[in-house]
Q: 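To start, I am sharing the structure in question, which I have written as structure tokens.
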Amino acid sequence: MEGGCTCGAVRYRMMSAPMFVHACHCTWCQRETGTAFALNALIESDRVEILAGEPEAVNTPSNSGKGQKIWRCPACRIAVWSNYAGAGDKLRFVRVGTLEHPQACPPDIHIFTSTKQPWVVLPEGATAVPEYYDSSKLWPAESLERRRALFGR
């Protein structure tokens, strides 16, 4: 799956399917994206190949207090992915909306729904939690194995 920023200066390819896709409804994501939620595909950083340009990191506060790096095109400033302190640089949270075919990465889970906008209606049967969740209980076995290989846990 390929994607990039609006102006085309930064292009990337995800070389495998993501491990899991979050629709995050927390107020921090709402503010950072300027919309109702962020849609992030979690994937190992070494499985994201930069095809053109070089995004630049913008250090940004986070609700955890540990901060995050939002990687943006230096020209059009579109965010293409984030790295959160808990996972460091090993795991990217690719902004699904920057993919050429974002429909290929629907959310596996809706998180922080306790603060979702009241007019956002989740699909019937969608997996949703009021805050965060235990990935060992919800991720597919293959994704858990990829996480173990990445972090050794």
Q: Would you call E49-R11 a salt bridge at under 4.0 Å N-O?
A: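 So E49 does not pair with R11 through a salt bridge.
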Q: The test is side-chain hydrogen bond (donor to acceptor under 3.5 Å, both in side chains); show your working for Q68 and T60 and say whether it passes.
A: CA-CA 5 Å; Q68 68 172 307; T60 308; 5.5 Å; no
Q: Do you know the tightest heavy-atom contact between C73 and A9?
A: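 Answer, listing the atom of C73 first, then A9: SG-CB, 3.9 Å.
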Q: How close do A36 and Q30 get, heavy atom to heavy atom, and via which atoms?
A: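 Heavy-atom minimum between the residues: O-CG, 3.2 Å.
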Q: How many angstroms lie between CZ in F37 and NE2 in H110, if you round to the nearest 0.5 Å?
A: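 So the CZ of F37 and the NE2 of H110 are separated by 7.0 Å.
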Q: Using the rule that two of Ile, Leu, Val, Met, Phe, Trp, Tyr join whenever any of their side-chain heavy atoms come within less than 4.5 Å, decide whether V21 and W71 are in one cluster.
A: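 Yes, V21 and W71 fall within the same hydrophobic cluster.
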Q: Can you tell me how far apart NE2 (H25) and CD1 (I111) are? Round to the nearest 0.5 Å.
A: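 Going from the NE2 atom of H25 to the CD1 atom of I111 covers 8.5 Å.
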Q: Going from SG on C105 to CD1 on I43, what distance comes out if it is rounded to the nearest 0.5 angstrom?
A: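 Going from SG on C105 over to CD1 on I43, the span is 8.5 Å.
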Q: Mind checking the CH2-OG1 spacing from W28 to T115? Nearest 0.5 Å is all I need.
A: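 Separation between the atoms: 12.5 Å.
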Q: Could you tell me which non-hydrogen atom of M1 sits nearest to which non-hydrogen atom of P18, and how far apart they are?
A: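 Scanning both residues, the minimum pair turns out to be CE-CD, 3.8 Å.
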Q: Would you kindly confirm whether V80 and L51 end up in one hydrophobic cluster when ILVMFWY residues are joined by side chain heavy atoms under 4.5 Å apart?
A: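 No, V80 and L51 fall in different hydrophobic clusters.
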Q: Yes or no on side-chain contact (heavy atoms from CB on, under 4.5 Å) for I70 and R95, after CA distance, side-chain angles and deciding distance?
A: CA-CA 10 Å; I70 300 177; R95 301 288 171 92; 4.0 Å; yes
Q: Show your reasoning for whether side-chain contact (heavy atoms from CB on, under 4.5 Å) applies to K69 and V58.
A: CA-CA 5 Å; K69 289 189 279 187; V58 177; over 6 Å; no
Q: What heavy-atom pair brings R72 and A79 nearest, and what distance separates the two atoms?
A: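 Heavy-atom minimum between the residues: NH1-N, 3.6 Å.
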Q: Ignoring hydrogens, what is the shortest heavy-atom contact between L39 and P107? Give both atom names and the distance.
A: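 It is CD1-CB, 3.8 Å.
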Q: Looking at every heavy atom in both L122 and A128, which two are closest together, and how far apart are they?
A: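 So the two residues come closest at CD1-CB, 3.7 Å.
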Q: So, taking the atom named CE in M14 and the one named CD in E2, what distance separates them when rounded to the nearest 0.5 Å?
A: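 So the gap between those two atoms works out to 11.0 Å.
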Q: Is it true that a side-chain atom of T127 and a backbone atom of I109 form a donor plus acceptor pair closer than 3.5 Å?
A: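 Not confirmed, T127 side chain does not pair with I109 backbone.
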Q: V96 and V120: same hydrophobic cluster, using ILVMFWY side-chain contacts below 4.5 Å?
A: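 No, V96 and V120 fall in different hydrophobic clusters.
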Q: For the pair R77 and E56, find out whether any cationic side-chain nitrogen is under 4.0 Å from an anionic carboxylate oxygen.
A: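 Looking at E56 together with R77, the answer is yes, because their closest N to O distance falls below 4.0 Å.
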Q: Is there side-chain contact between C29 and T35, with at least one heavy-atom pair below 4.5 Å?
A: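 No. Closest side-chain heavy atoms not under 4.5 Å.
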Q: Backbone N or O of V129 within a donor-acceptor pair of the T113 side chain at under 3.5 Å?
A: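 Between the backbone of V129 and the side chain of T113 there is a qualifying donor-acceptor contact (under 3.5 Å).
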Q: Kindly determine whether L91 and L42 satisfy side-chain contact (heavy atoms from CB on, under 4.5 Å), including the steps that lead there.
A: CA-CA 7 Å; L91 186 66; L42 286 65; 4.2 Å; yes
Q: Specify whether Y12 and W81 have parallel, tilted or perpendicular ring planes, treating 30° as the upper limit for parallel and 60° as the lower limit for perpendicular.
A: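 Perpendicular: the ring planes of Y12 and W81 meet at over 60°.
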Q: With a 4.0 Å cut-off on N to O distance, would you call K90 and D46 a salt bridge?
A: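 Judged by the 4.0 Å cut-off on N to carboxylate O distance, K90 and D46 do not form a salt bridge.
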Q: In terms of hydrophobic clusters joined by side-chain contacts under 4.5 Å, are M15 and I50 together?
A: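 No: no chain of side-chain contacts under 4.5 Å links M15 to I50.
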Q: If you measure from NE2 on H22 to CZ on F112, what distance do you get to the nearest 0.5 Å?
A: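 The CZ atom of F112 is 9.0 Å from NE2 of H22, to the nearest 0.5 Å.
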Q: Please answer: with hydrophobic residues joined when any side-chain heavy atoms are less than 4.5 Å apart, are I78 and V10 in the same cluster?
A: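 I78 does not cluster with V10.
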Q: So, does T98 use its side chain to make a donor-acceptor pair with the main chain of C5 at under 3.5 Å?
A: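 Absent.
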Q: Would R146 and E44 pass as an ion pair if we require N to O under 4.0 Å?
A: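 Counted as a salt bridge, because a side-chain N and a carboxylate O are separated by less than 4.0 Å.
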Q: Could you walk me through whether W139 and Y133 pass the side-chain contact (heavy atoms from CB on, under 4.5 Å) check?
A: CA-CA 10 Å; W139 283 25; Y133 66 100; 2.9 Å; yes
Q: Within a 6.0 Å radius of atom CD on E131, are there more than 12 heavy atoms belonging to other residues, nucleotides or ligands?
A: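 Above 12, so yes.
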